[in-house]
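Naming: A, B, ... by sequence-line order, numbering from 1 per chain. The analysis underlying the following values was restricted to heavy atoms, covering all of them including side chains, and did not include hydrogens, waters or symmetry mates.
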There are 2 protein chains.
Amino acid sequence: MLADIEPVNRESTAAIIARQLRDAIMTGSLPPGTQLGETELAARFQVSRGPLREAMQRLVSEGLLRSERHRGLFVIDLEPGDVYDIYSARSAVERAAATRVVRSGDRERVAGILDEAVEAMAHADEQDDPTALTEADLRFHEALIEASGSRRLARMARTLLIETRMCLSALQNTYSKNYQGVDERVTEHNKIIEALRAGDEESMLALLEAHMDDAVQRLAPGTSLHSGAAPGLTRDGVDLA
Amino acid sequence: MLADIEPVNRESTAAIIARQLRDAIMTGSLPPGTQLGETELAARFQVSRGPLREAMQRLVSEGLLRSERHRGLFVIDLEPGDVYDIYSARSAVERAAATRVVRSGDRERVAGILDEAVEAMAHADEQDDPTALTEADLRFHEALIEASGSRRLARMARTLLIETRMCLSALQNTYSKNYQGVDERVTEHNKIIEALRAGDEESMLALLEAHMDDAVQRLAPGTSLHSGAAPGLTRDGVDLA
DNA sequence: GGTCGTATGATTGTCAACAATCCGAGGAGT
DNA sequence: ACTCCTCGGATTGTTGACAATCATACGACC
């Protein structure tokens with residue numbers, strides 16, 4: 001009966017603030033390059049600067065915030081090369097996740113979950129709701145990774161999916177609406193599920209990589225995951241340590 | 001001449017402390033399960049509790065520290081299933097890195113760097129220095145990832161390599177010394193370099209995966225990356241948010 | 001006119017004290 | 001002997017104030 005009586009309150013204030021900040025960055029409420037004033041944010045969250053700073057340090061280590069000493073914290077801004085980098089990393093993570101799923105026992109259950117996401121995509125398309133479509137798209141990939149059961153893949157993917165959404169909302173104003181038909185995107189996802197159901201690991205991975213490559217070419221025309229060298233990434237003051 | 005005159009001091013105190021803590025966790029100075037008392041650590045680092053907490057929050061978000069509210073922060077302890085999870089994630093990351101390198105222009109240069117690491121491994125073996133051997137082994141993989149030029153792969157790998165070393169130092173006392181000859185390990189690395197030099201992407205990736213699988217089977221006998229289901233991971237109070 | 005020095009304002013970095021919470025020991029009661 | 005309650009000690013969580021640093025604007029000087 002009392003199955004899900006999780007321990008109460010087991011979440012630090014810093015964790016809560018961090019999640020809210022992540023959401024704000026993801027949805028575009030805090031556009032790339034925005035400076036995060038500590039005093040202002042502390043007032044908005046109704047907490048002191050201590051917990052707020054702790055939350056921001058988390059995002060720094062996740063790579064979502066850039067810290068300049070005595071200057072402030074800024075939302076990272078994505079350069080052209082980052083699109084390649086993000087999707088390259090996503091490809092690696094999701095490939096591993098998909099591999100684990102297809103080799104696991106409950107392929108069918110996972111496929112069902114993924115089906116729901118794709119259905120939501122189609123539904124969003126019918127209603128002409130690009131936001132919901134993106135949401136469902138990301139949920140597909142999120143579900144895939146969660147189904148892998150890997151804590152580390154999940155942690156890595158969380159940041160990557162946030163950055164993906166940053167890319168999308170940064171470029172969604174560029175071209176009118178749907179550069180390519182969404183039907184194609186839905187089909188791609190369905191093919192992946194199909195291969196997963198069939199247990200055909202090889203073609204599933206191929207489809208997944210092709211899916212990623214399509215996304216890169218859509219977002220950053222001219223570059224490709226399968227092409228030769230990667231676009232350069234400026235390696236300046238990233239507070240990696 | 002003045003090429004690398006990086007802006008001075010561009011490193012926050014929290015970043016410095018975080019790095020030192022990472023090193024301490026990695027080398028085993030802070031064994032898994034250790035509770036990190038804030039007052040004590042603050043005294044050791046000669047800073048106040050503020051910056052120290054910020055540093056610890058970074059490690060929490062990286063998954064190296066586990067936070068229990070009003071209880072304290074603890075170094076994560078690796079359960080059996082974690083070995084699989086770590087190496088599975090490492091396999092994904094290094095696979096992507098290697099792919100980017102083999103498709104890039106400077107295969108030869110990277111191969112040279114990797115050669116150095118392998119030579120250091122052989123040298124450490126001659127001198128019967130298992131610590132140096134592990135160090136060189138990890139440097140190989142670190143160099144491979146750095147050569148990929150991907151900021152995100154590098155960030156993900158940093159945590160994974162720390163955890164790898166935690167596994168090693170946790171289990172190095174289990175069996176006498178070198179369960180399997182180190183010659184084999186050296187050979188495996190050399191074969192990877194060889195395939196990289198030749199530009200043979202397919203066999204390079206196969207060798208890399210085999211290398212990872214060997215490591216898993218050495219550390220956690222019975223499990224394999226290529227086998228079916230992954231060992232279960234208890235999914236309790238991980239402060240993922 | 002242009003460049004350098006200086007003052008100002010605001011922001012971040014740091015600290016020590018206060019409040020809230022939790023764990024364990026001890027004792028009263030059944 | 002067992003359970004429950006209470007209290008003390010210790011630790012974490014939070015706060016507001018202080019010190020250090022930097023960007024900007026203004027004026028002096030060449």
Side-chain angles (χ1 to χ4, degrees), chain A residues 5-21 24-25 30-31 33-62 64-77 236-241, chain B residues 5-21 25 30-31 33-61 64-77 236-241:
Chain A
I5 45 160
E6 309 191 5
V8 290
N9 205 13
R10 254 206 187 346
E11 198 170 37
S12 61
T13 315
I16 299 173
I17 299 178
R19 191 175 46 217
Q20 298 216 28
L21 281 177
I25 293 175
L30 295 172
T34 310
Q35 176 167 8
L36 301 181
E38 296 186 356
T39 319
E40 177 200 341
L41 277 182
R44 287 171 64 108
F45 283 118
Q46 301 229 7
V47 291
S48 181
R49 279 177 50 211
L52 182 77
R53 282 174 64 87
E54 292 173 16
M56 297 205 292
Q57 292 298 326
R58 285 194 180 199
L59 299 197
V60 168
S61 97
E62 290 171 18
L64 260 43
L65 258 43
R66 169 173 46 93
S67 157
E68 294 186 19
R69 194 172 159 85
H70 290 294
R71 194 85 60 92
L73 289 158
F74 304 83
V75 181
I76 57 162
D77 32 15
D236 43 33
V238 205
D239 197 356
L240 260 180
Chain B
I5 46 159
E6 309 191 3
V8 290
N9 205 11
R10 252 207 185 346
E11 197 168 35
S12 61
T13 318
I16 299 173
I17 298 179
R19 192 176 45 215
Q20 298 216 26
L21 281 178
I25 293 175
L30 295 173
T34 310
Q35 176 166 10
L36 301 182
E38 296 185 356
T39 319
E40 177 199 340
L41 277 181
R44 285 172 65 108
F45 282 117
Q46 303 228 8
V47 292
S48 180
R49 281 176 49 211
L52 181 76
R53 282 175 64 87
E54 292 173 17
M56 297 205 293
Q57 293 297 327
R58 285 195 180 197
L59 299 198
V60 168
S61 98
L64 260 42
L65 258 43
R66 170 173 47 92
S67 157
E68 295 186 20
R69 195 171 159 85
H70 290 294
R71 194 84 60 93
L73 290 157
F74 304 83
V75 180
I76 56 162
D77 32 16
D236 42 34
V238 206
D239 197 356
L240 260 179

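- Residues Gly72(A) and Gln35(A) share a closest heavy-atom pair of CA-NE2, 3.9 Å.
- Atoms CD (Glu54(A)) and P (dG13(D)) sit 8 Å apart, rounded to a whole Å.
- Relative to the side chain of His70(B), the nucleotides dC15(C), dG13(D), dT12(C) differ in distance, and dG13(D) lies closest.
- Side chain of Val47(B), nearest nucleotide from dC15(C), dT12(D), dT15(D): dC15(C).
- When heavy atoms are screened at a 4.0 angstrom cut-off, Leu36(A) is found touching the sugar-phosphate backbone but no base atom.
- Nearest to the side chain of Arg69(A), among dT15(D), dG13(C), dT12(C), sits dG13(C).
- Within 4.0 Å (heavy atoms only), Gly50(B) reaches no atom of the nucleic acid at all.
- Judged purely by distance below 3.5 Å, without hydrogens or angles, the side chains of Ser12(B) and Ser67(A) never pair a donor atom with an acceptor atom.
- Counting to the nearest Å, the P atom of dA10(C) and the CG atom of Leu73(A) are 20 Å from each other.
- Under a 4.0 Å N-O distance rule, the pair Arg58(B)/Glu62(A) does not qualify as a salt bridge.
- Atom CZ in Arg53(A) sits roughly 15 Å away from atom P in dT14(D) (whole-Å rounding).
- Of the candidate nucleotides dG13(D), dT11(C), dA23(D), dG13(D) has the atom nearest to the side chain of Thr13(A).
- Rounded to whole Å, atom C1' of dA23(D) lies 11 Å from atom CD of Gln35(A).
- Arg71(B) places its CZ atom 18 Å from the P atom of dA10(D), with the value rounded to the nearest Å.
- Glu38(A) has a carboxylate O that lies under 4.0 Å from a charged side-chain N of Arg53(A), or vice versa, which qualifies the two as a salt bridge.
- If you take CD of Glu38(A) and C1' of dT14(C), they are 11 Å apart, rounded to a whole angstrom.
- The distance between atom CD1 of Ile17(A) and atom C1' of dT15(D), rounded to the nearest whole Å, is 13 Å.
- Taking only distance into account, the side chain of Arg49(A) meets the base of dG13(C) through a donor-acceptor pair shorter than 3.5 Å.
- At whole-Å resolution of the value, CD1 in Ile16(B) and P in dT14(C) are 9 Å apart.
- With a 4.5 Å cut-off on side-chain heavy atoms, Ile25(A) and Ile76(A) do not count as touching.
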